[in-house]
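Heads up, the thing below is written out as structure tokens.
Quantities reported herein were computed from a predicted structural model and do not represent experimental measurements.
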Protein chains: 2
Amino acid sequence: MPTDTAQQLQRFHAFLSGEGLKVTRQRQAIAEAFYGSGGHLSLRDLLDLARESEPSIGYATVYRTMRLLADGGLATEHQFADGHARFEPAEEGEHHDHLICLTCGHILEFESDAIEQIQDRIAADYKMKVKSHRHEIYAECLRTDCVNRPSA
Amino acid sequence: MPTDTAQQLQRFHAFLSGEGLKVTRQRQAIAEAFYGSGGHLSLRDLLDLARESEPSIGYATVYRTMRLLADGGLATEHQFADGHARFEPAEEGEHHDHLICLTCGHILEFESDAIEQIQDRIAADYKMKVKSHRHEIYAECLRTDCVNRPSA
DNA sequence: TTCCTTGCAAAGGATTTGCACACCC
DNA sequence: GGGTGTGCAAATCCTTTGCAAGGAA
């Protein structure tokens with residue numbers, strides 16, 4: 001478990017308080033599942049994890065909690081090729097794209113200033129200014145033992 | 001209308017014959033809508049266009065015809081941020097990504113060998129081989145008259 | 001004629017919402 | 001106690017499929 005999970009949960013509590021929202025057992029369980037994992041989890045994944053500590057939790061609660069986090073800037077939502085929404089913790093000022101292993105499904109992150117610069121130049125050629133982008137690389141692992149398999 | 005629409009329709013007929021499939025009024029109308037437009041149309045767009053010449057056409061027929069074209073390699077399907085499937089004619093050996101205007105919704109195409117090379121290098125760093133990718137840039141047009149607005 | 005196609009309507013699958021009950025402050 | 005939050009179930013939205021009737025070869 002990452003060492004900063006506690007910090008992230010604290011930030012979550014501060015966010016809820018700031019919005020005048022309540023800290024409930026369900027929200028706590030969902031946030032722990034979300035921050036305790038490596039990210040890129042689907043709503044179904046989060047539901048299953050959250051139910052380990054709160055078995056009665058419902059899908060709609062996970063949905064609403066993650067929407068809360070996403071709208072509040074604490075989580076980022078992605079739609080990869082599998083068609084399910086996936087979430088990851090939002091890091092302040094950080095940006096990355098994704099490299100998805102077709103062998104095992106694991107999702108790696110990458111950053112490339114060079115690509116970002118080229119994007120800006122392409123947009124500028126059309127007199128446009130980049131507001132956001134989506135960039136996913138789907139690749140096969142060349143090793144038979146697929147080292148990218150998540151430790152989970 | 002592009003000068004090669006007739007060629008593309010001919011290729012479509014050849015494809016149908018080759019598969020032992022029939023050239024129907026509906027398929028003809030859908031193919032004309034598809035090839036006669038600039039591409040990037042949703043199923044709904046195609047349905048509306050096709051109905052101009054074949055009013056009784058149904059959504060399922062458009063869906064099935066576009067699937068036929070996509071599976072046959074004559075059309076490429078994309079899922080942009082709006083969550084609707086969009087299709088464009090597939091060009092032999094050609095590849096491009098998309099620059100989407102947030103001002104008017106128009107979809108431009110771009111290519112960058114430099115980006116493709118960086119992608120390959122990133123994947124290689126993880127001992128992986130790129131099989132495909134998805135790259136979309138969402139940008140605002142800086143001109144008040146938004147020159148990217150489609151002529152339609 | 002023969003079998004492919006079509007259009008309708010219903011089924012899927014993921015997401016979103018309405019509502020009555022439960023819970024936190 | 002009062003208003004927020006939850007869980008269920010139903011509603012959406014887009015996509016996909018079953019089926020009986022229609023149409024190309």
Side-chain angles (χ1 to χ4, degrees), chain A residues 12-34 40-72 74-87, chain B residues 9 12-34 40-72 75-87:
Chain A
F12 171 60
H13 286 194
F15 166 72
L16 290 176
S17 303
E19 298 283 321
L21 302 172
K22 295 172 182 172
V23 176
T24 61
R25 286 175 292 109
Q26 291 90 335
R27 285 176 178 165
Q28 182 74 18
I30 294 164
E32 283 172 7
F34 177 56
H40 309 127
L41 275 69
S42 67
L43 289 169
R44 172 59 52 180
D45 294 336
L46 288 163
L47 176 63
D48 292 342
L49 275 175
R51 276 187 170 161
E52 289 179 10
S53 53
E54 279 295 323
S56 71
I57 218 164
Y59 188 90
T61 301
V62 178
Y63 162 76
R64 284 186 278 229
T65 300
M66 293 315 297
R67 179 91 104 79
L68 201 58
L69 287 171
D71 290 349
L74 297 182
T76 305
E77 178 179 348
H78 295 283
Q79 284 280 350
F80 298 128
D82 71 354
H84 294 51
R86 288 180 179 277
F87 297 83
Chain B
L9 288 173
F12 172 59
H13 286 194
F15 167 73
L16 290 176
S17 304
E19 298 282 322
L21 302 172
K22 294 171 182 173
V23 177
T24 61
R25 286 177 291 112
Q26 291 89 335
R27 285 178 177 161
Q28 182 74 19
I30 294 163
E32 282 172 6
F34 177 55
H40 309 126
L41 275 69
S42 67
L43 289 169
R44 172 59 53 183
D45 294 335
L46 287 164
L47 176 63
D48 292 342
L49 275 175
R51 276 187 170 160
E52 289 180 8
S53 53
E54 278 295 322
S56 72
I57 219 164
Y59 187 90
T61 300
V62 178
Y63 163 76
R64 284 185 280 230
T65 299
M66 294 314 298
R67 179 90 103 80
L68 202 58
L69 287 171
D71 290 349
T76 305
E77 178 178 347
H78 295 282
Q79 286 277 353
F80 298 126
D82 70 355
H84 296 50
R86 289 180 179 275
F87 297 83

Value for CG (A/L21) from CZ (A/F12), rounded to nearest 0.5 Å, stands at 9.0 Å

Taking all non-hydrogen atoms of both residues, which atom of B/A33 and which atom of B/A50 are closest, and how far apart?
-> CB-N, 4.1 Å

Residue of the set B/T76, B/L43, B/L69, B/D45 for which side-chain contact (heavy atoms from CB on, under 4.5 Å) holds with B/F87 = B/L43

So where does chain B start and stop touching DNA chain C, 5' to 3', when the test is distance under 4.0 Å to a non-hydrogen atom?
-> C/dC3 to C/dC8

side-chain contact (heavy atoms from CB on, under 4.5 Å) partner of A/T61, chosen from A/E54, A/M66, A/Q26 = A/Q26

In sequence, state the C-alpha distance, the side-chain angles, and the governing distance for A/I30 and A/R27, and then conclude on side chain to side chain contact (heavy atoms under 4.5 Å, CB included).
-> CA-CA 5 Å; A/I30 294 164; A/R27 285 176 178 165; 5.5 Å; no

Might you point out which heavy atoms bring A/R86 and A/H40 nearest each other, and give the distance in Å?
-> NH1-O, 2.8 Å

State, with a plain yes or no, whether a side-chain heavy atom of B/F34 is found less than 4.5 Å away from one of B/L41.
-> no

How does each nucleotide of nucleotides 13-25 of chain D score, in 5' to 3' order, for protein heavy atoms under 4.0 Å: base (B), sugar-phosphate only (S), or none (-)?
-> -SBBBB----BBS

